[in-house]
Amino acid sequence: AFFMDIKAILEKFSDIGIIYKPKRSLKGKNTSKYIFQTEMLELMNDNNKWIKSKRLIVLSNNIDPYIPIALCDYAIAMPYSSVLLAVLASNRGGVYYDSTSTICSTYPEELNNITLCNQTSLFEKIQLWRVGSDEINIPLTKIIRYDDDDDVGKNFSSNLEKIYITSNK
């Protein structure tokens with residue numbers, strides 16, 4: 001369901017681009033060790049229209065994890081990956097997205113402010129991001145800075161709002 005909703009974002013919001021850094025390689029000899037969701041593999045296929053139009057950038061799984069954070073404006077992460085905390089600490093917005101609606105109440109309770117449990121809520125949050133009226137809801141004291149002159153971002157269409165997608169799959 002997570003990647004079906006990412007596809008729905010691309011279909012609904014033509015001004016949004018997605019940066020995806022998989023946790024594991026999607027190609028190669030070691031992929032047989034893992035089970036990948038069919039929806040993810042379809043979305044990450046090199047012949048996908050969003051990859052061809054550069055609205056979906058799939059980074060290498062072994063790239064420095066702070067590069068996509070530096071490139072993104074917002075992040076959508078599966079609960080409760082640490083990458084979202086790094087995004088928030090970098091003064092960017094983001095949410096945990098539980099597409100299965102199984103985790104809608106958490107401890108500490110502050111995480112409920114950044115946990116979304118359905119596509120409607122996700123689309124509403126994206127709309128807030130698009131108009132610039134959303135605030136980061138959890139104050140973080142540790143600021144993570146990353147400076148890199150890598151040109152990964154140059155391949156991305158610059159007129160798009162960039163959202164970093166991360167998953168544990």
Side-chain angles (χ1 to χ4, degrees), residues 1-88 90 92-104 114-130 134 150-169:
F2 184 88
F3 289 99
M4 289 173 42
D5 289 345
I6 299 308
K7 180 180 175 183
I9 291 169
L10 290 164
E11 291 170 346
K12 182 172 176 70
F13 301 103
S14 63
D15 60 337
I16 287 180
I18 303 290
I19 300 167
Y20 178 65
K21 180 195 173 296
K23 184 173 183 174
R24 295 177 180 84
S25 177
L26 301 175
K27 299 175 184 171
K29 61 182 178 182
N30 291 328
T31 57
S32 62
K33 295 179 184 179
Y34 306 104
I35 298 172
F36 297 108
Q37 295 176 5
T38 302
E39 295 84 5
M40 180 184 75
L41 293 175
E42 289 172 2
L43 193 61
M44 304 306 150
N45 184 303
D46 290 337
N47 292 319
N48 183 309
K49 66 182 179 181
W50 294 293
I51 289 178
K52 288 183 175 185
S53 70
K54 299 194 185 294
R55 286 192 55 217
L56 174 61
I57 301 294
V58 180
L59 302 174
S60 170
N61 68 299
N62 56 9
I63 195 169
D64 184 313
Y66 291 103
I67 290 175
I69 292 171
L71 295 172
C72 79
D73 297 306
Y74 303 96
I76 300 170
M78 286 190 172
Y80 285 95
S81 63
S82 60
V83 71
L84 184 61
L85 299 178
V87 168
L88 296 175
S90 298
R92 290 168 170 79
V95 294
Y96 289 118
Y97 180 53
D98 174 23
S99 59
T100 61
S101 299
T102 56
I103 308 170
C104 292
I114 58 168
T115 303
L116 304 177
C117 294
N118 59 60
Q119 188 184 79
T120 301
S121 297
L122 179 62
F123 284 4
E124 288 170 357
K125 179 62 79 174
I126 289 170
Q127 188 59 34
L128 289 173
W129 290 341
R130 291 172 73 219
D134 188 47
D150 197 337
D151 65 351
V152 173
K154 294 178 184 171
N155 292 327
F156 205 74
S157 227
S158 62
N159 61 338
L160 298 174
E161 194 79 32
K162 295 169 285 300
I163 299 178
Y164 173 28
I165 304 299
T166 179
S167 73
N168 295 328
K169 300 293 177 192

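What's counted below: heavy atoms across the whole structure, side chains too, no hydrogens, waters or symmetry copies.
In this structure, CG on Asn61 lies 11.0 Å from NZ on Lys23, to the nearest 0.5 angstrom. Remark: Thr120 OG1 to Asp5 CG distance equals 9.5 Å, nearest 0.5 Å. Put simply, CG on Leu59 and CG on Leu71 are 7.0 Å apart, with the number rounded to the nearest 0.5 Å. Between the CG atom in Leu84 and the OH atom in Tyr96 there is a gap of 4.5 Å [rounded to 0.5 Å]. Summarising the geometry, atom CG belonging to Leu56 is positioned 12.0 Å from atom NZ belonging to Lys7; distances are rounded to the nearest 0.5 Å. One finds the CD1 atom of Ile19 at 8.0 Å from the CG atom of Asp73 (value rounded to the nearest 0.5 Å).
Of the possible donor and acceptor atoms, none in the side chain of Arg55 sits under 3.5 Å from a partner among the backbone N and O of Ile18. Using modelled atom types, one side-chain atom of Arg92 and one backbone atom of Ile69 make a donor-acceptor pair closer than 3.5 Å. Of the possible donor and acceptor atoms, none in the side chain of Tyr74 sits under 3.5 Å from a partner among the backbone N and O of Val87. Side chain of Asn48 to main chain of Leu43: a donor-acceptor pair is present (N/O by atom type, distance under 3.5 Å, no hydrogens or angles). Judged purely by atom type and a 3.5 angstrom limit, Ser53 uses its side chain to pair as donor or acceptor with the backbone of Lys49.
With a 4.5 Å cut-off on side-chain heavy atoms, Glu124 and Leu116 do not count as touching. In this structure, the side chains of Gln119 and Tyr97 come closer than 4.5 Å at one or more pairs of heavy atoms. Residues Phe13 and Ile126 have side chains in contact (heavy-atom distance under 4.5 Å, counting atoms from C-beta outward). Glu42 has its side chain out of reach of Phe3: every pair of non-hydrogen atoms, C-beta onward, lies at least 4.5 Å apart.
Taking each heavy atom of Ala77 and Val83 in turn, the nearest pair found is CB-CG1, 4.2 Å. Taking each heavy atom of Ile63 and Lys21 in turn, the nearest pair found is O-CE, 3.2 Å. Trp129 and Ala75 get closest at one heavy-atom pair: CH2-O, 3.7 Å. Closest approach of Ile51 to Met44, counting heavy atoms only: CD1-O, 3.5 Å. Taking each heavy atom of Val58 and Pro22 in turn, the nearest pair found is CG1-CD, 4.3 Å.
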Please walk me through it: do Ile16 and Arg130 pass side-chain contact (heavy atoms from CB on, under 4.5 Å)? CA-CA 9 Å; Ile16 287 180; Arg130 291 172 73 219; 4.0 Å; yes
